[in-house]
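Structure, as structure tokens:
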Amino acid sequence: MGNYYPIMLNITDRPVVVVGGGSVATRKVTSLLKAQAQITIVSPELSPKLQRLVEEKSIEWRKKTFAPDDLDRAFLIIAATNCSEINEFVAQSVHPHQLCNVVDREDLSQFIVPSVVRRGPLAIAVSTSGANPKLAQKIKKELETQYDETYEDYVLFLQQARRQIIDEITDAELKSVLLSALLDSKFLTLTKAKQIEERDQLLKKLLKKGTIQ
């Protein structure tokens with residue numbers, strides 16, 4: 001197995017087919033919903049959570065066994081049944097322009113899903129390219145401790161501040177200096193301490209004087 005090309009996919013409103021209705025499929029659907037994909041489940045039966053999502057009209061359900069034409073409109077496909085033969089059949093039915101992940105067969109997949117730490121817009125992906133997924137999970141837990149929940153607010157602050165600098169500062173050199181200064185540790189320290197007013201004042205000082213010293 002060669003090295004993977006890391007990529008972040010925008011699948012908002014893209015058709016995604018998940019074959020399978022058990023616990024693995026449920027985990028996959030949960031992540032896909034966060035990415036705002038249009039999800040269709042193909043399975044004779046569903047887990048209770050997937051049943052609720054169907055009732056809420058969050059996902060579409062084809063109550064049937066898999067057939068190749070179930071993939072006709074799909075942009076992305078996940079074969080997540082508990083039967084390796086069905087998963088392999090799904091992989092064999094994929095068209096050349098489609099991306100498919102087979103949960104129990106990396107060699108049949110066009111992509112694998114990394115372990116991900118999410119803090120708002122911040123996403124830290126960890127993968128061993130299939131060599132040892134348990135190691136990826138271990139590293140993920142370490143990152144969850146290092147990058148705690150306060151990073152969500154911190155990254156949102158950086159996003160807003162960056163946009164403000166880009167919109168208000170016309171001098172290219174000054175703009176570059178200010179964008180670098182945003183990463184000063186004082187902003188993170190104030191966020192962790194929940195001193196939001198002090199953080200905003202520090203940003204105003206930066207924008208006015210070009211420095212926070």
Side-chain angles (χ1 to χ4, degrees), residues 2-16 27-39 56 58-59 74-76 78 97-99 101 110-130 133 135-213:
N3 289 329
Y4 286 88
Y5 179 71
I7 187 172
M8 296 286 188
L9 281 178
N10 178 1
I11 57 173
T12 300
D13 295 328
R14 293 276 194 152
V16 176
R27 290 199 303 271
K28 299 297 184 181
V29 167
T30 301
S31 297
L32 291 166
L33 280 174
K34 292 178 182 178
Q36 301 179 6
Q38 291 184 349
I39 305 166
E56 295 167 1
S58 298
I59 61 176
F75 169 73
L76 188 140
I78 296 182
H97 64 280
Q98 295 173 317
L99 296 175
N101 170 250
Q110 284 79 50
F111 72 98
I112 57 175
V113 181
S115 296
V116 180
V117 176
R118 293 191 182 276
R119 299 291 184 249
L122 176 64
I124 307 172
V126 182
S127 173
T128 60
S129 296
L135 176 59
Q137 287 291 331
K138 179 177 182 293
I139 295 173
K140 175 187 174 183
K141 290 180 180 179
E142 294 170 356
L143 289 170
E144 285 174 336
T145 300
Q146 182 177 356
Y147 296 91
D148 60 24
E149 298 291 343
T150 59
Y151 269 82
E152 178 170 356
D153 183 36
Y154 174 58
V155 174
L156 288 171
F157 161 76
L158 291 178
Q159 181 182 44
Q160 294 166 358
R162 177 178 180 272
R163 175 47 55 193
Q164 185 175 354
I165 290 171
I166 290 174
D167 289 344
E168 297 180 4
I169 306 300
T170 56
D171 183 271
E173 184 175 350
L174 177 58
K175 184 181 298 185
S176 178
V177 170
L178 293 176
L179 290 173
S180 296
L182 273 180
L183 298 181
D184 189 288
S185 60
K186 292 178 182 178
F187 288 113
L188 177 58
T189 299
L190 291 171
T191 302
K192 286 180 173 290
K194 299 188 184 303
Q195 296 178 314
I196 305 306
E197 185 175 344
E198 291 85 345
R199 185 188 67 185
D200 292 343
Q201 289 300 321
L202 191 63
L203 176 61
K204 289 180 181 178
K205 179 181 177 181
L206 173 65
L207 294 175
K208 183 177 181 180
K209 299 183 177 181
T211 178
I212 60 175
Q213 301 300 322

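Because only heavy atoms are used, hydrogens play no part in the values below, and waters and symmetry mates are left out as well, while side chains stay in.
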Would you indicate whether the side-chain heavy atoms of [Y] and [X] approach each other to under 4.5 Å?
X      : Y      : answer
Leu206 : Phe187 : yes
Glu198 : Leu202 : no
Leu158 : Leu183 : yes
Ile78  : Val29  : no
Gln146 : Val117 : no
Phe111 : Ile7   : no

Euclidean distance, [Y] [atom2] relative to [X] [atom1], rounded to 0.5 Å:
X      : Y      : atom1 : atom2 : result
Ile124 : Tyr151 : CD1   : OH    : 8.5 Å
Lys175 : Thr170 : NZ    : OG1   : 7.5 Å
Gln164 : Lys204 : CD    : NZ    : 9.5 Å
Ile165 : Leu203 : CD1   : CG    : 6.5 Å
Ile39  : Leu32  : CD1   : CG    : 4.5 Å
Lys192 : Arg199 : NZ    : CZ    : 12.5 Å

For residues 113-122, the salt bridge (charged side-chain N to carboxylate O under 4.0 Å, His left out) pairs (sequence neighbours left out) are Arg119-Glu149
If you look only at pairs with a residue in residues 5-16, which of them pass as a salt bridge (charged side-chain N to carboxylate O under 4.0 Å, His left out), with sequence neighbours excluded?
->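 Every pair satisfying salt bridge (charged side-chain N to carboxylate O under 4.0 Å, His left out) with a residue in residues 5-16: there are none.
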Is it true that atom CD of Glu173 has more than 12 heavy atoms of other residues, nucleotides or ligands lying nearer than 6.0 Å?
-> no
Only one of Lys138, Gln137, Glu142 passes side-chain contact (heavy atoms from CB on, under 4.5 Å) with Lys140; say which it is.
->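 Testing Lys140 for a side-chain contact (heavy atoms from CB on, under 4.5 Å) against Lys138, Gln137, Glu142 leaves exactly one candidate, Gln137.
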Taking all non-hydrogen atoms of both residues, which atom of [X] and which atom of [Y] are closest, and how far apart?
X      : Y      : answer
Ala161 : Leu182 : CB-CD2, 3.6 Å
Ala37  : Val16  : CB-CG2, 3.7 Å
Ile112 : Ser127 : CD1-OG, 3.7 Å
Val126 : Pro114 : O-CB, 3.3 Å
Leu99  : Gln110 : C-OE1, 3.8 Å
Leu174 : Asp171 : N-OD1, 2.7 Å

Mind running salt bridge (Lys or Arg N to Asp or Glu O under 4.0 Å) on Lys194 and Asp153 for me, showing each step along the way?
-> CA-CA 10 Å; Lys194 299 188 184 303; Asp153 183 36; over 6 Å; no
Check whether any side-chain N or O of Gln98 sits under 3.5 Å from a backbone N or O of Ala74 as a donor-acceptor pair, and report yes or no.
-> yes
What is the ring orientation for Tyr154 with Phe157, classed by angle as parallel under 30°, tilted 30 to 60°, or perpendicular over 60°?
->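 Parallel: the ring planes of Tyr154 and Phe157 meet at under 30°.
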